[in-house]
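Working notes, structure below.
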Amino acid sequence: MPIPVIIDCDPGTDDAVALLLAFASPELSVLAVTVAGGNAGLHCTLPNALALTALANSPTPVHAGADRPLLGRFRSEPGVHGDDGLGGVKLPPGGQPAPGLAADVIRSLLRSHPEPLTLIGIGPATNLAIALATEPALAKKVARIVLMSGSREAGNVTPEAEFNAWSDPEALSILLDAGRPVVFATLELTAQALVTPARIAAWRARGSGSCLQAACDIQASVPPSPRFGRRGAPLHDPCAVAWLIRPDLFTVRPCSVRVDLGPGPGRGRTLFDPGGRTGDPPNATVLETLDADGFFELLGQRLANLP
Ligand code: RIB
Ligand code: CA
């Protein structure tokens, strides 16, 4: 039976590939896509999600959500994703957003679906947090929360913090307090999923479908990261989706994790303690290693199956 999921995202060049992977994978039943501001403002991330859903011919409803974090002001990441969130790649416009705001739809689906749902969070966690904070009893309908979030060492938006955690640390803290299994694809995991020109070329050679070509064009727009000697850029968000589809490509480790909610330079830092030195009980699972060749093969195969 396919795993029923809700994907909360901020497309986003890597969110784009994550959404296409999810739409192409019979292992998942994507009940809804909910959108937040993040990589770009909601005025871009929402139409981007609509365009990607239409490109994949997916019937999945797309819902608008938070355009800012729970506290503080909205800050985007144009350096990686461009001002429009998709690196300047123009897709045919999608349809209209489905009625209902993200947090209301997440709660409604949790309430009504016959089995617990998996929440996939690949952007700032604001929508997921509002849903669970305003109806905590629904946590029992959450099978697990799978996040691209956090870093065990250096950050990517500040020296200390990863972008999604930094964008709304209070939201991440609410998810950690929900008492449900939380799985993290951190920057250390996604660093093993480096998109290189050779890997993009290998994808392109697999077919001529619009989704495959769009994924290649979008990934080719991402500047190679100086953190990796400009060999390529980490493909963050599809790691969270791929774990649900092919957990055999990953190794995992239980871990305690806390998030820094202070106002200082460490705000949004995630404090992972795999060795249990803090004495805190493990409250999360961290994805530790990735079979990168298997991951890119999965992506190429699934993207080539899309329209
Ligand atoms: O730090 C990487 C994460 O922040 C990814 O989800 C990327 O899309 C941005 O949202
Ligand atoms: Ca994202």
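Please read all numbers here as calculations on a predicted model, not as lab measurements.
- Within the 3.5 Å criterion, the main-chain N or O of H113 finds a donor-acceptor partner in the side chain of K141.
- The only option from L172, I122, I120, D237 that meets the side-chain contact (heavy atoms from CB on, under 4.5 Å) definition with L147 turns out to be L172.
- The shortest non-hydrogen separation linking G38 to P124 is CA-CG, 4.0 Å.
- Interatomic distance, N164 CG to M148 CE, rounded to the nearest 0.5 Å: 6.0 Å.
- The hydrophobic clustering, which links ILVMFWY residues whose side-chain heavy atoms are closer than 4.5 Å, places L91 and V222 apart.
- For S25 (side chain) and L28 (main-chain N/O), no donor-acceptor pair under 3.5 Å exists by modelled atom type.
- Side chain to side chain, T13 and H81 meet the donor-acceptor criterion of an N or O pair below 3.5 Å.
- Both L176 and I145 are part of a single hydrophobic cluster, where members link through side-chain heavy atoms under 4.5 Å apart.
- Annotation for Q96: atom CD does not count as buried by contact number, only 12 or fewer foreign heavy atoms lying within 6.0 Å.
- Shown are V252, T251, L189; of these, the side-chain contact (heavy atoms from CB on, under 4.5 Å) with E288 is made only by T251.
- When every heavy atom of R199 is checked against every heavy atom of D293, the shortest pair comes out as NH2-OD1, 3.1 Å.
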_Could you walk me through whether N39 and D15 satisfy the side-chain hydrogen bond (donor to acceptor under 3.5 Å, both in side chains) test, starting with their C-alpha distance in whole Å, then the side-chain angles of each, then the deciding distance to 0.1 Å, before giving a yes or no?_
CA-CA 9 Å; N39 289 316; D15 305 68; 3.0 Å; yes
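- Between L244 and E27 the shortest side-chain heavy-atom distance does not fall below 4.5 Å.
- Here the rule is side-chain contact (heavy atoms from CB on, under 4.5 Å) with P11, and of V33, L19, I218, T53 only L19 fits it.
- Between W203 and F296, the angle of the ring planes lies from 30° to 60°, which puts this pair in the tilted group.
- For the residue pair N283 / S256, no side-chain donor-acceptor distance below 3.5 Å is found, with atom types taken as modelled.
- Residues L70 and A129 share a closest heavy-atom pair of CD1-CB, 4.4 Å.
- A distance of 8.5 Å separates CG in L212 from CG in L306, rounded to the nearest 0.5 Å.
- Classification of R204 and D217 as a salt-bridged pair holds, one side-chain N sitting under 4.0 Å from a carboxylate O.
- For the pair R75 and W166, the cation-pi test (distance below 6.0 Å, angle within 45°) is passed.
- Between L119 atom CG and T34 atom OG1 the span is 8.5 Å, to the nearest 0.5 Å.
- Two residues are said to be in side-chain contact when any heavy atoms from C-beta on lie closer than 4.5 Å; L46 and V62 meet this criterion.
- Across S167 and P69, no two heavy atoms sit closer than the pair O-CB, 3.2 Å.
- Under the 4.5 Å side-chain contact rule for hydrophobic residues, I245 and F184 do not share a cluster.
- In summary, R302 and E297 do not engage in a salt bridge, as defined by a charged side-chain N under 4.0 Å from a carboxylate O.
- Checking T278 against D273 by side-chain atom types alone, a donor-acceptor pair falls below 3.5 Å.
- For the atom pair CG of D168 and OG1 of T126, the computed distance is 3.5 Å after rounding to the nearest 0.5 Å.
- For D83, the CG atom sits in a loose shell: 12 or fewer heavy atoms of surrounding residues, nucleotides or ligands are nearer than 6.0 Å.
- Atoms CG and CD1, on L132 and I106 in that order, are 7.5 Å from each other to the nearest 0.5 Å.
- Residue R68 places its CZ atom among 12 or fewer non-hydrogen atoms of other residues, nucleotides or ligands, all under 6.0 Å distant.
- Side chains of P238 and D14 form a contact here, defined as non-hydrogen atoms less than 4.5 Å apart.
- Nearest approach of F74 to G37, heavy atoms of both residues: CE1-C, 3.4 Å.
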*Take R253 and T285 through the side-chain hydrogen bond (donor to acceptor under 3.5 Å, both in side chains) test and state the conclusion after the steps.*
CA-CA 6 Å; R253 185 171 188 173; T285 298; over 6 Å; no
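- In this structure, a donor-acceptor pair under 3.5 Å is absent between the side chains of T45 and D10.
- Taking each heavy atom of P116 and P4 in turn, the nearest pair found is O-CG, 3.8 Å.
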*Evaluate the side-chain contact (heavy atoms from CB on, under 4.5 Å) criterion for residues E162 and V157: first the C-alpha distance (whole Å), next the side-chain angles of each, then the deciding distance (0.1 Å), finally the verdict.*
CA-CA 6 Å; E162 176 278 328; V157 65; over 6 Å; no
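- Electrostatic pairing of E135 and R111 counts as a salt bridge here, judged by a charged N lying under 4.0 Å from a carboxylate O.
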_salt bridge (charged side-chain N to carboxylate O under 4.0 Å, His left out), that's the test. Do K90 and D84 meet it? Break it down for me._
CA-CA 9 Å; K90 298 301 175 206; D84 65 359; 3.4 Å; yes
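- Here the OG1-CD distance, from T196 to Q219, works out to 11.0 Å after rounding to the nearest 0.5 Å.
- Note on R152 versus E188: no salt bridge recorded, every NZ/NE/NH1/NH2 to OD/OE distance being 4.0 Å or above.
- With contacts defined as side-chain heavy-atom distances shorter than 4.5 Å, the pair L298/L249 qualifies.
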